[in-house]
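Values below: all heavy atoms of this structure, side chains included; hydrogens, waters and symmetry mates excluded. We name chains A, B, ... by the order of the sequence lines, and we start the count at 1 in each one.
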Amino acid sequence: MFQSLEKTVQRAFQDHILARYGVAISVVIEQPKQTGFGELSVPAAFLLAKHLKQPPKKIASELVAEIGNLPGVAAMEIAGGGYINIRLDRAAYAEVLRHPPNADVSSAGKIVVEHTNINPNKAAHIGHLRNAVLGDTFVRMLRSGGQRVEVQNYIDNTGVQVADVVAGFHFLEKKTPDEVRALSEETRFDFLCWDLYARTSQNYKDNPETLAWRAETLHGIESGMGDLAEIGHLVADSIVQAHLKTMLRLGVTYDVLPRESEILHLKFWAAAYDLLKQAKAIYLEMEGKNAGCWVMPAAAFSADSEDNKVIVRSNGTVTYVGKDIAYQLWKFGLLGKDFFYRKLIAYDDGHEVWVTADHPAGPHPDFGHATRVYNVIDVRQSYLQDVVVAGLKALGAKAQAEESIHFSYEMVALSPRCCVDLGIDLSEEDRKRPYIEVSGRKGLGVKADDLIDKLIETALREVASRHPEDSPEKQRHISSQIAIGALRYFLLKYTRPTVIAFDFGEALSFEGETGPYVQYAAVRARNIMRKMAERGEAMPDFTAELPREAVGRQLASEDFWQMLLAASKADTAVEKAVAAGEPAHVARFAFQLAQTFNNFYHQFPILAEPDREKKVFLLWMTEYFRLQLDRTLAILGIEVPDFM
RNA sequence: GGGCGCGUAGCUCAGUUGGAUAGAGCAUUAGCCUUCUAAGCUAAGGGUCGCAGGUUCGAGUCCUGCCGCGCCUACCA
């Protein structure tokens with residue numbers, strides 16, 4: 001609503017300026033910081049002053065006098081050195097909010113968002129949570145704008161990390177596949193692997209000769225036969241299930257899990273290899289340190305670097321980047337091959353998750369064939385992402401290269417204080433650092449499920465003391481919703497390039513700029529309606545009891561108008577956040593919206609309001625706020641509890 | 001060495017393609033529960049936006065240089 005008005009005004013000024021002065025400038029529309037200056041502000045006169053060599057103030061008065069009436073605009077005035085401030089027709093504005101036009105569904109192509117991508121060899125940690133929550137929220141943002149989105153979660157089930165855990169079971173622990181299977185049926189297999197991974201890594205360090213285990217395990221896994229391969233499947237499959245379960249606690253779901261094993265078995269890489277060779281995107285290096293390797297020239301992906309990137313090692317095996325190029329080509333439907341698929345699980349709502357298979361397994365939905373791809377991967381992988389895009393470009397897929405977006409974000413690290421909380425000894429050197437990097441190899445990190453459990457316990461103490469009469473199950477459910485709200489908001493409120501130095505104190509806070517603060521506002525709005533029903537009052541019929549003139553009368557109050565205006569900008573905020581690729585902006589909007597509502601709530605006792613028209617209006621405002629809060633929270637993946 | 005990012009209140013962070021008096025939260029201080037739930041509200045203090053230049057009507061935002069911090073720069077993924 002607000003945005004379309006903004007566009008109308010923008011176009012009107014631009015056209016008028018072109019017709020009147022013959023100058024084609026791009027007119028900028030701003031929102032004045034001070035509410036007294038109206039709702040929109042046009043600084044175009046400053047820009048024109050330069051072209052016309054006339055004082056901005058004079059031009060501004062000409063514009064205002066000559067542009068005529070604009071729809072939805074009540075008044076225009078000149079302020080400061082030449083700003084044109086615009087005041088909207090409040091009643092007309094509210095009228096549109098009450099009868100919103102149907103949103104159009106985008107007919108554009110499918111967007112693929114790839115996120116989570118956790119190595120299936122250990123429990124998920126907070127760093128993985130940032131990835132998943134960022135990706136999931138961006139998906140929700142895109143979908144709210146009518147986009148068709150497919151969520152992919154890439155599973156590297158044949159890589160070194162899985163191999164190291166397999167080696168740990170086989171060589172270090174001397175476990176048979178059956179014994180590992182028995183262990184995997186224990187509740188915390190992902191935690192067990194977390195420790196084993198750290199132990200195996202330490203063992204490599206202490207006894208470097210045991211690194212031979214890794215090579216042997218990788219071969220075993222690749223051959224697909226024998227104990228090592230069997231343990232490999234057991235570990236990867238059962239850890240993937242654990243990750244899906246962890247992510248579901250946060251409301252994060254997927255459509256398809258493409259696996260590295262199928263990239264290899266279905267010869268995706270072989271196909272990409274041929275394409276790359278044909279296009280001369282890679283060449284066989286004859287001399288130097290990379291002799292015998294197929295490399296991509298540095299010039300393709302980096303302006304300055306002289307280091308070519310090895311795609312195929314001298315022993316003939318492909319690097320991770322090579323496989324990633326093949327995968328990226330498939331996402332766009334450029335590889336000329338497709339996976340087979342089988343259904344992995346269905347969520348309670350019926351939504352199905354599919355996983356790739358290496359042999360036909362019946363009918364399946366269409367996957368891939370994206371027109372745009374977002375890869376949610378942390379910023380440390382920028383170099384590799386550049387190589388992948390360069391690969392696409394070299395193959396002549398210029399358009400797809402431009403639609404390959406590295407949705408990067410900074411890591412989650414541990415604050416020094418957090419390390420102390422976890423009982424981790426820090427070296428003198430580390431203690432001086434602003435934050436400590438999480439390391440799966442060292443077992444250094446905060447496990448996702450541990451953190452969620454801790455959040456739930458914290459919330460439960462509060463819920464139990466506020467609502468002792470409710471059942472323990474209900475209390476736990478509410479606490480869980482609050483915990484997830486707190487966690488998702490915490491991970492989303494930082495902009496992508498900001499390193500999160502994780503700190504239990506801040507993550508466990510439910511006050512101030514937090515998820516529960518926003519949830520609380522939504523709960524309060526609902527409580528008003530509930531209280532009214534309890535008192536036997538019916539919800540008024542707004543169309544009958546609140547005609548346009550009445551809304552106009554009430555909106556004459558500056559407070560009401562400003563509040564309504566703020567609440568009506570939800571769509572605009574999400575749209576801008578999508579354009580900026582920044583979920584944090586949605587989080588911030590949600591917080592501001594909640595602040596505005598809390599203000600409204602505190603300032604105007606609604607049920608006790610004696611004036612009928614005003615009371616009905618206040619109820620309508622409450623209902624509008626509630627709707628906007630619910631919608632915005634849903635985009636953030638945060639549920640509104642029944643009570644708090 | 002090169003590339004990317006960061007430096008804004010005591011702390012943690014926002015700040016859209018340059019706009020009017022630089023904003024939140026936490027912490028501190030002082031108030032507000034007989035009212036639709038105080039996970040809330042009101043108010044106060046707290047800033048040479050790393051430093052130095054430049055561009056212009058206007059710079060936290062753009063350009064250059066410098067200082068400090070982090071990440072990347074593998075035949076690991």
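The pair Asp642(A)-Lys474(A) meets the salt-bridge criterion, with a side-chain N (NZ, NE, NH1 or NH2) lying under 4.0 Å from an Asp/Glu carboxylate O. Ion pair Glu462(A)/Arg466(A) flagged as a salt bridge, since at least one NZ, NE, NH1 or NH2 atom sits closer than 4.0 Å to an Asp/Glu carboxylate oxygen. Glu513(A) and Arg588(A) are joined by a salt bridge, as a carboxylate oxygen and a charged side-chain nitrogen come within less than 4.0 angstrom of each other.
When only modelled atom types and interatomic distance are considered, Asn598(A) and Tyr520(A) share no side-chain donor-acceptor pair under 3.5 Å. In the model, Gln10(A) has no side-chain atom that pairs as donor or acceptor with a side-chain atom of Glu6(A) under 3.5 Å.
Between G23(B) and A9(B), the two P atoms lie 14 Å apart (nearest whole Å).
Counting to the nearest Å, the P atom of G25(B) and the CZ atom of Phe490(A) are 18 Å from each other. To the nearest angstrom, P of U35(B) lies 15 Å from CD1 of Ile528(A). For Leu491(A) and A14(B), the CG to P distance is 14 Å, given to the nearest whole Å. Rounded to a whole Å, the CD1 atom of Ile155(A) is 17 Å from the P atom of A77(B). To the nearest angstrom, P of A39(B) lies 18 Å from CG of Leu455(A). Atom OH of Tyr409(A) is separated from atom P of C71(B) by 16 Å (rounded to the nearest Å). Going from atom CG of Leu508(A) over to atom C1' of A39(B) covers 14 Å, rounded to whole Å.
The base of A20(B) lies close enough to the side chain of Ser41(A) for a donor and an acceptor atom to sit less than 3.5 Å apart. Between the side chain of Arg588(A) and the base of A24(B), no donor-acceptor pair under 3.5 Å is found. A donor and an acceptor atom sit less than 3.5 Å apart, one in the side chain of Asn85(A) and one in the base of A20(B). Counting distance only, with no hydrogens placed and no angle test, the side-chain atoms of Thr319(A) and the base atoms of C75(B) include no donor-acceptor pair under 3.5 Å.
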Pairs counted as Watson-Crick or G-U wobble with both distances under 3.5 Å: what dot-bracket string results for RNA chain B, using | for bases tied to another strand?
(((((((..((((.....[...)))).(((((.......))))).....(((((..]....))))))))))))....
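Glu506(A) comes within 4.0 angstrom of sugar-phosphate atoms only, judged by non-hydrogen atoms across all strands, and of no base.
Residue ring and nucleobase are stacked for Tyr83(A) and A20(B), with a centre distance beneath 5.5 angstrom and an angle between planes beneath 30°.
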Checking Glu260(A) against Thr158(A) for the side chain to side chain donor-acceptor pair (under 3.5 Å) test, could you report, in this order, the C-alpha distance in whole Å, the side-chain angles of both residues, the deciding distance, and whether it holds?
CA-CA 6 Å; Glu260(A) 183 153 285; Thr158(A) 63; 2.9 Å; yes
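The side chain of Gln592(A) contributes no N or O atom lying less than 4.0 Å from OP1 or OP2 of G23(B).
Look at C33(B): its glycosidic torsion is within 90° of 0, and that puts it in the syn range.
Checked against the 6.0 Å centroid criterion, the rings of Phe301(A) and Tyr383(A) qualify as a close aromatic pair.
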